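The structure under discussion appears below in the form of structure tokens.
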Amino acid sequence: MKLFKIFYDVATSKGVVKRALQVSLIVGTLLNLINQGWAITRADYSQINYIKILLTFIIPYLVSTYSSAKARLTFKVNEVSSMDAVLQCKSCNKTKIFVNKGEVVPPCRTCGHEKTRWHIVETGHNQYRQIEDEQESMALFAQMNPAPVLRFDVNGKITQANTAAQNAFEETKLEGENISSYVPNIINIDLKTFIQNGDIRNLTAEKPHGLTFRFELRGLPQYGAVQMYGAEITEIVAARQEANKFLTGLEQTSNSIMITNKKGDIEYVNKAFEKISGYKKEEVWGKNPRFLKTGHTSPEEYKNLWQTISNGNVWQGEMLNKRKDGTTYWEESTISPVLNEHGDIDTYIAIKEEVTEKRKLKEEMKSMALFAELNPEPVFRFDADGKIIKANPAANEAFKKENVEHEQIEDLMPEMKKYDYAKMISEERIETLEMKVLDKIFRFIMRGLADFGVVQTYGSDITKKREIQQELESMALFAELNPEPVFRFNSAGKILKSNSAANLAFEQQDITDKNIVEILPDMQECDCENFIGQEKIEIVEANVHNRIFRFIMRGLADAEVVQTYGSDITKRKRAEEKIRKQKQSIDSSIQYASRIQGAVLPSIERLSSRFRDSFVLYKPRDVVSGDFYWMKEYGNKTIVVASDCTGHGVPGAFMSMLGIALLNEIVNRNPQTPAGEILDQLRDNLKATLSQNDSKHEAKDGMDMSLCIVNHETNAMQYAGAYNSIYLIRKGELIEYKADKMPIGAHIKEKPHFTNNDIQLEKDDAVYMLSDGYPDQFGGPSGMKLSKKKFKMAISENNQLPMNQQKQKLDEYFIKWKGDSEQIDDMLVMGFRI
């Protein structure tokens, strides 16, 4: 019940409730919009599930309350407590502590786990605080500690002392005595400030019988006392004095010696240091050794080094240092702190050995060992007596042995008896041996290594290579019987072998021993050796005695030749040439058609003469286009058309020419025809011309179109559209006039008439007409369509610019969006300003 009450108090606290309400509001709203958003936004009360609405707010509230309350009932080490509470360790379930609100939660003293998590067992002040104080006090005091431990108050009065402390100070009872009687230099410490700040300090004191003690003092503000731990350092002091006696001998050692003060400033270097580093003593005295740094050692390693020696411990390791001349060298260093008679660190002494060469050998051996271990081919080494001392897994596998180490090399490879291993090692000779091992053929390269006293052996399985050689012999038989030219040549270009068909193709009795350049001059620039080594494959076409041959050349590194297979492609080449000429003729015709189509389109000057500012952005996908624009002037009126015919290229161009011809016929017959009626007549004439009916199985050739008739005196405009809408921008606002959803042509759901829209234009109004080629273009980061939405944004953003600049902006945007993609359709955009 007590734990339930704690959980209830936390769960109903202001912070938890506030957070739960926020989570409930956000999550509940999102869930309701996902599940019932349609019904809620449409206010369709008959479709709203009120139980779901209630649950989507209640459940997040309960989950958030539970997780927040649970988090507040558990504390981590070094976390600041949010309340006065009694905590119990979750690791050992034994230790209980009391923390005040705002205190840092400590680790468990029983299990010593630095990642302890505590959970609340009781809130508020109670008797556990006193219990905790007593237990912690007893643990700190450590009555049974074999080293001297005692505690004294702010006045120096000893309140507790263990047996070891009484023995150290030769007193049967220390409680009640003043600590300054035994450690006089304590009087120099302001004990009140020392305790309040929780300071730590080391002191030394000499006792009777020549014993020296080092004392560590720790201020304990929670107890208003100082805890003092003692340790006998007589031997350490003696060792330091002994070390000083031998300081003069340091100059004679070959190792580099450096002594610094406790700040790290150099106080002494020996002759070996001068020789290795290139610096004289007077150049480095008073400097910090960091001037030797190369940047190879990380700051974390230097920090670890300093922490180690500052704590009185010895540090060992390797460092890459820099000489005076800028060259680098490796040193193996041992840095030791030297204590004074009071047990404090006085100096540091570093003994260094240059290990550059040793490290190189070590790295080389390590690299070789790693290479051998990972090598899929056999690698092993043996000594001067022929005993194998190291072998990788591939070597064991090659000889079908569990482990070949410690075996004699002659037992595995009898052919090795003819070699003098000691001589191979001393002279560092390299030998190559090919032999059969069980069912495989291996090539072994052996290299003597005098520095290591071994023969390093690298094996490679050449079974496949030998099989290839046999295959080449088989290929030679195949070549002899082949009715097409087959021959091979070496790295010098010399033809080694040719079949009868090759001799016949080059009209020679035998091309063997000739150079490849003699029979194929195109091979003049070929690097045959590189071609073979990289096993390249190339195709060369050459004219040989009025016939065209294709030669496939393949470099074979194992056989050290280029194998060549030829085939007579004369007929195919002549057929390709015929097709090429036909294509050239077709292209020429299409180019001529493009000039004709361009001639029937109105010039930009005609459009500019009727509108004070205008542009036409026209980009056929192919040479000729299925998109076209058209205009007609009569009196104070201008008819403007933007059209997209079925298909593109040549078929689309034919449709565009037909559309222009029919428009001319309709308008010339009656210039006063309204816009919608023009589209009606155009549809009827096109269907009659193409013999179309309304059958759903018939191909629906036709065109999409937007047609505008502008009265320049009244600024009245008529608009009719077949699928193609127009856009009007007035004072920064974009208005879309939508077209009828039927084409100019046969359509199963066509209406009797196209809609005639009357629009009153104002000064500075801008009108835009287009085909679907611009918004339907694929591209952009995701390969999606450009879309009408982006087109409308583009014309809205640039509407204030002159029309020719708008054209440039639209073109640049289209090109950028298309990127490396192909243009999928003809593209037409027109614009004019009133």
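Owing to the predicted nature of the structure, the values given are computational and were not obtained by experimental measurement.
- A donor atom on one side chain and an acceptor atom on the other are found under 3.5 Å apart for Asn530 and Gln534.
- In summary, the side chains of Gln806 and Asn798 do not present any donor paired with an acceptor at a separation below 3.5 Å, with no hydrogens or angles considered.
- Counting heavy atoms from C-beta on, the side chains of Thr689 and Leu658 come closer than 4.5 Å.
- Using a 4.0 Å cut-off between charged nitrogen and carboxylate oxygen, Glu577 and Arg580 count as a salt-bridge pair.
- For the residue pair Thr570 / Asp568, a side-chain donor-acceptor distance below 3.5 Å is found, with atom types taken as modelled.
- Evaluation of the side chain to side chain donor-acceptor pair (under 3.5 Å) rule for Gln805 yields no partner, not counting sequence neighbours.
- In this structure, Glu541 pairs ionically with Lys573, as a charged nitrogen and a carboxylate oxygen lie closer than 4.0 Å.
- With contacts defined as side-chain heavy-atom distances shorter than 4.5 Å, the pair Ile795/Leu734 qualifies.
- With respect to the salt-bridge test (charged N to carboxylate O, under 4.0 angstrom), the residues Glu822 and Arg621 do not qualify.
- Partner Pro743 forms a side chain to side chain contact (heavy atoms under 4.5 Å, CB included) with one of Asp644, Leu686, Leu679, Asp704 and no other, that one being Asp704.
- The residue from Arg612, Gln800, Lys731 that alone fulfils the side-chain hydrogen bond (donor to acceptor under 3.5 Å, both in side chains) condition with Asp764 is Arg612.
- A donor atom on one side chain and an acceptor atom on the other are not found under 3.5 Å apart for Gln563 and Arg554.
- Side-chain polar atoms of Lys632 and Asn668 form a donor-acceptor pair below 3.5 angstrom.
- Taking a cutoff of 4.0 Å between a charged side-chain nitrogen and a carboxylate oxygen, Glu812 and Lys816 do not qualify as a salt bridge.
- Under the 30°/60° scheme for interplanar angles, the aromatic rings of Phe506 and Phe551 are found to lie parallel.
- A donor-acceptor pair is defined here as one N or O able to donate and one able to accept, closer than 3.5 Å; such a pair exists between the side chain of Asn756 and the backbone of Gly676.
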*Starting from the C-alpha separation in whole Å, work towards a yes-or-no answer on salt bridge (charged side-chain N to carboxylate O under 4.0 Å, His left out) for Arg606 and Glu633.*
CA-CA 9 Å; Arg606 279 183 63 193; Glu633 313 97 333; 3.0 Å; yes

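- Checked by atom type and distance alone, the side chain of Glu677 never pairs as donor or acceptor with a backbone atom of Phe754 at under 3.5 Å.
- With hydrogens and angles ignored, the 3.5 Å screen pairs no side-chain donor or acceptor of Asn757 with any backbone N or O of Gln718.
- The closest side-chain donor-acceptor pair between Asn636 and His712, if any, does not fall under 3.5 angstrom.
- Two rings, from Phe611 and Phe832, have their centers less than 6.0 Å apart.
- Remark: the Arg610 side chain and the Thr638 side chain contain an N/O donor-acceptor pair separated by less than 3.5 Å.
- The pair Glu713-Lys637 does not count as a salt bridge, with every side-chain nitrogen at least 4.0 angstrom from each carboxylate oxygen.
- Side-chain atoms of Ser498 and Asn503 form a donor-acceptor pair, as typed in the model, at a separation below 3.5 Å.
- Sequence neighbours left out, the pairs with a member in residues 794-817 that pass ring pair (Phe, Tyr, Trp, His ring centres under 6.0 Å) are Tyr774-Phe814.
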